[in-house]
Amino acid sequence: MPDVGPQPTPVPGAVPTGAQRQYRGPPPGSLPIICWQLSLNREYTKDEYDACYAICKTCVQHTKVNYNPRDSDTFRLMMTLMLPLLMMRHRRIPRMKWKDECTVNGKRWIEQAQDGMSAERFMHSMIGYHSMFEGSLCSMIMVQGVKHRVVNIGIGTKQVQVEPKGTSVSAYIESQAHKLTPLEMGIINQDSDDATRLRRFCMILALKQAYVKAIGHANGFDYARLEFNVPEEIAMGDSYPLTGWEFRIWKTRLAVARRDQIVHEEYECVCAFFRGTTNSKFIFYDSPDDLNKWVQFINIDQMVKVIPKLTA
């Protein structure tokens with residue numbers, strides 16, 4: 001087993017007997033994934049900032065937000081922290097009926113009040129999730145099932161752009177070479193087109209980010225220990241195969257109002273989830289119809305509209 005963090009261990013489910021067969025939740029192993037992505041498609045107002053701050057102060061105990069309306073990163077953080085509240089609101093579960101918990105290695109999960117649920121149903125009602133923001137995109141990925149399985153989920157997003165602005169694609173990728181393996185560098189540079197090379201680079205970094213977050217590793221993980229051979233759909237850690245993982249890969253494109261102009265942004269997005277299978281699977285979502293079956297897209301206006309209902 002490679003030393004790439006606390007690898008989950010496949011745990012076979014017990015054979016259902018008696019009252020357990022009465023539970024009609026998702027079949028074992030299905031564990032459907034749902035993603036929420038929020039577009040910060042315009043500038044926010046101070047009134048909106050204050051409303052979000054009040055919600056986070058009341059309903060989000062695990063993260064303290066420093067009040068600074070001029071700091072757009074604090075607004076991005078609050079919007080991201082509110083995604084679990086919105087998700088539970090859509091599931092019609094009152095705020096007083098669930099708790100936001102955390103494992104020893106920082107993985108978050110939601111525990112609902114049992115309230116008459118059978119022991120089996122309660123055990124399968126845990127919701128593992130991971131949330132993050134980058135640029136104008138706030139994201140949350142979630143899955144429901146037994147706790148020890150659903151916490152092994154993470155999302156990675158990487159905006160397709162060079163940093164700092166004006167840097168050539170070649171110089172930018174070279175500056176990030178310490179995060180890549182020689183094989184990954186070769187895959188990225190197979191094409192001479194700068195746009196293609198930049199997208200490949202961002203996809204590989206999003207894959208690594210999603211995996212590291214899924215295993216709950218602390219910041220500072222050496223990305224070069226991981227290798228993603230995307231064309232061959234092979235994932236490696238410390239030169240050993242990473243088995244049992246599902247990687248979902250897609251693009252999100254935004255149109256963002258910045259003062260008097262519309263700015264178009266593109267993000268490479270990845271969800272990593274440990275299913276405990278004998279191999280790892282890469283799933284590419286190129287069709288909007290397929291993506292919309294499990295990814296829900298919202299914007300600032302839609303979030304702000306439901307703020308009064310999030311504490312209910």
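Ring-plane geometry between Y53 and Y67 is classed as perpendicular, the angle between the planes exceeding 60 degrees on a 0 to 90 degree scale with a lower cut at 30.
When side chains are defined from C-beta on, V306 does not count as touching R89, because their heavy atoms never get closer than 4.5 Å. You'll find the side chain of V230 reaches within 4.5 Å of the side chain of L207, heavy atoms only. Using a 4.5 Å cut-off on side-chain heavy atoms (C-beta onward), E265 and S39 make no contact. The shortest distance between side-chain heavy atoms of H62 and L81 falls below 4.5 Å. The closest side-chain heavy-atom distance from I141 to R248 is not below 4.5 Å. Residues F75 and C52 have side chains in contact (heavy-atom distance under 4.5 Å, counting atoms from C-beta outward). For the pair F273/L31, a side-chain contact is recorded, criterion being any heavy-atom separation below 4.5 Å from C-beta on. Within the 4.5 Å cutoff, the side chain of P241 has no heavy atoms near those of the I234 side chain.
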Stepwise, does the side chain to side chain contact (heavy atoms under 4.5 Å, CB included) test hold for L226 with L242?
CA-CA 9 Å; L226 303 174; L242 298 177; 4.2 Å; yes
Where do Q61 and D100 land on the side chain to side chain contact (heavy atoms under 4.5 Å, CB included) test, with the steps shown first?
CA-CA 9 Å; Q61 287 76 37; D100 196 318; over 6 Å; no
The test is side chain to side chain contact (heavy atoms under 4.5 Å, CB included); show your working for Q112 and I127 and say whether it passes.
CA-CA 9 Å; Q112 305 174 44; I127 298 173; 4.0 Å; yes
Dump the intermediate steps for side chain to side chain contact (heavy atoms under 4.5 Å, CB included) on I153 and C271, then the final yes or no.
CA-CA 7 Å; I153 194 166; C271 164; 4.2 Å; yes
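Contact detail for E184 and T181: the closest heavy-atom pair is OE1-N, 2.9 Å. In terms of heavy atoms, M79 sits closest to C138 at CB-SG, 4.0 Å. A51 and I307 get closest at one heavy-atom pair: CB-CD1, 4.0 Å. For the residue pair I155 and S139, the shortest heavy atom distance occurs at CD1-CB, 3.6 Å. Nearest heavy-atom pair across L310 and M82 is CD1-CE, 3.9 Å. A pairwise comparison of heavy atoms in Y49 and T74 identifies OH-OG1, 2.7 Å as the closest pair.
Not counting sequence neighbours, the partners of E101 by the salt bridge (charged side-chain N to carboxylate O under 4.0 Å, His left out) test are K99. Partners of F282 under the ring-ring contact (aromatic ring centres under 6.0 Å, His included) rule, at least two apart in sequence or in another chain, are F247. Legend: residues meeting side-chain contact (heavy atoms from CB on, under 4.5 Å) with A54, ordered by chain and number and at least two apart, are absent. Take D73 and apply the salt bridge (charged side-chain N to carboxylate O under 4.0 Å, His left out) test, not counting sequence neighbours, and it matches R76. Take Y129 and apply the ring-ring contact (aromatic ring centres under 6.0 Å, His included) test, not counting sequence neighbours, and it matches no residue. Contacts of Y223 classified as ring-ring contact (aromatic ring centres under 6.0 Å, His included), with partners at least two apart in sequence or in another chain: none. Every residue two or more places apart in sequence or in another chain that forms a side-chain contact (heavy atoms from CB on, under 4.5 Å) with E163 is listed here: K158, Q161, Y172. Under the rule for a ring-ring contact (aromatic ring centres under 6.0 Å, His included), the partners of W36 that lie at least two apart in sequence or sit in another chain are H90. When the salt bridge (charged side-chain N to carboxylate O under 4.0 Å, His left out) test is applied to D71, no partner is found at least two apart in sequence or on another chain.
Using modelled atom types, one finds a donor on one side chain and an acceptor on the other under 3.5 Å when comparing N105 with T103. Side-chain polar atoms of S131 and R108 form no donor-acceptor pair below 3.5 angstrom.
For the side-chain contact (heavy atoms from CB on, under 4.5 Å) test with M132, the passing option among K213, M140, Q209 is Q209; the others fail.
Grouping the Ile, Leu, Val, Met, Phe, Trp and Tyr side chains by contacts below 4.5 angstrom, directly or via other members, places I249 with L180.
The CG atom of L40 lies 8.0 Å from the CG atom of L137; values are rounded to the nearest 0.5 Å. Residue M96 holds its CE atom at 10.0 Å from OG1 of T311, rounded to the nearest 0.5 Å. Taking OG of S118 as the start and CE of M123 as the end, the distance is 9.0 Å to the nearest 0.5 Å. Rounded to the nearest 0.5 Å, atoms NZ (K57) and CG (D50) are 11.5 Å apart. R91 contributes atom CZ, which lies 6.5 Å from atom CD1 of I34 (distance to the nearest 0.5 angstrom).
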Give the table of side-chain donor-acceptor pairs shorter than 3.5 Å for residues 296-305, with sequence neighbours excluded, one pair per line with atom names and distance.
{"unit_1": "N299", "atom_1": "OD1", "unit_2": "D301", "atom_2": "N", "d": "3.1"}
{"unit_1": "N299", "atom_1": "OD1", "unit_2": "Q302", "atom_2": "N", "d": "3.0"}
{"unit_1": "D301", "atom_1": "OD1", "unit_2": "R42", "atom_2": "NE", "d": "3.1"}
{"unit_1": "D301", "atom_1": "OD1", "unit_2": "R42", "atom_2": "NH2", "d": "2.7"}
{"unit_1": "Q302", "atom_1": "OE1", "unit_2": "N299", "atom_2": "N", "d": "2.9"}

In a table with atom names and distances, give each donor-acceptor pair under 3.5 Å that connects a side chain of residues 251-263 to protein atoms at least two apart or in another chain.
{"unit_1": "T252", "atom_1": "OG1", "unit_2": "Q37", "atom_2": "OE1", "d": "2.7"}
{"unit_1": "T252", "atom_1": "OG1", "unit_2": "W250", "atom_2": "NE1", "d": "3.2"}
{"unit_1": "R258", "atom_1": "NH2", "unit_2": "S136", "atom_2": "OG", "d": "2.8"}

Please set out all donor-acceptor pairs under 3.5 angstrom arising from side-chain atoms of residues 199-206, sequence neighbours excluded.
{"unit_1": "R200", "atom_1": "NH1", "unit_2": "I187", "atom_2": "O", "d": "3.1"}

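For E174, the CD atom counts as loosely surrounded, since its 6.0 Å shell holds 12 or fewer non-hydrogen atoms of other residues, nucleotides or ligands.
Under the 4.0 Å criterion applied to side-chain N and carboxylate O atoms, K293 and D289 are not assigned as salt-bridge partners.
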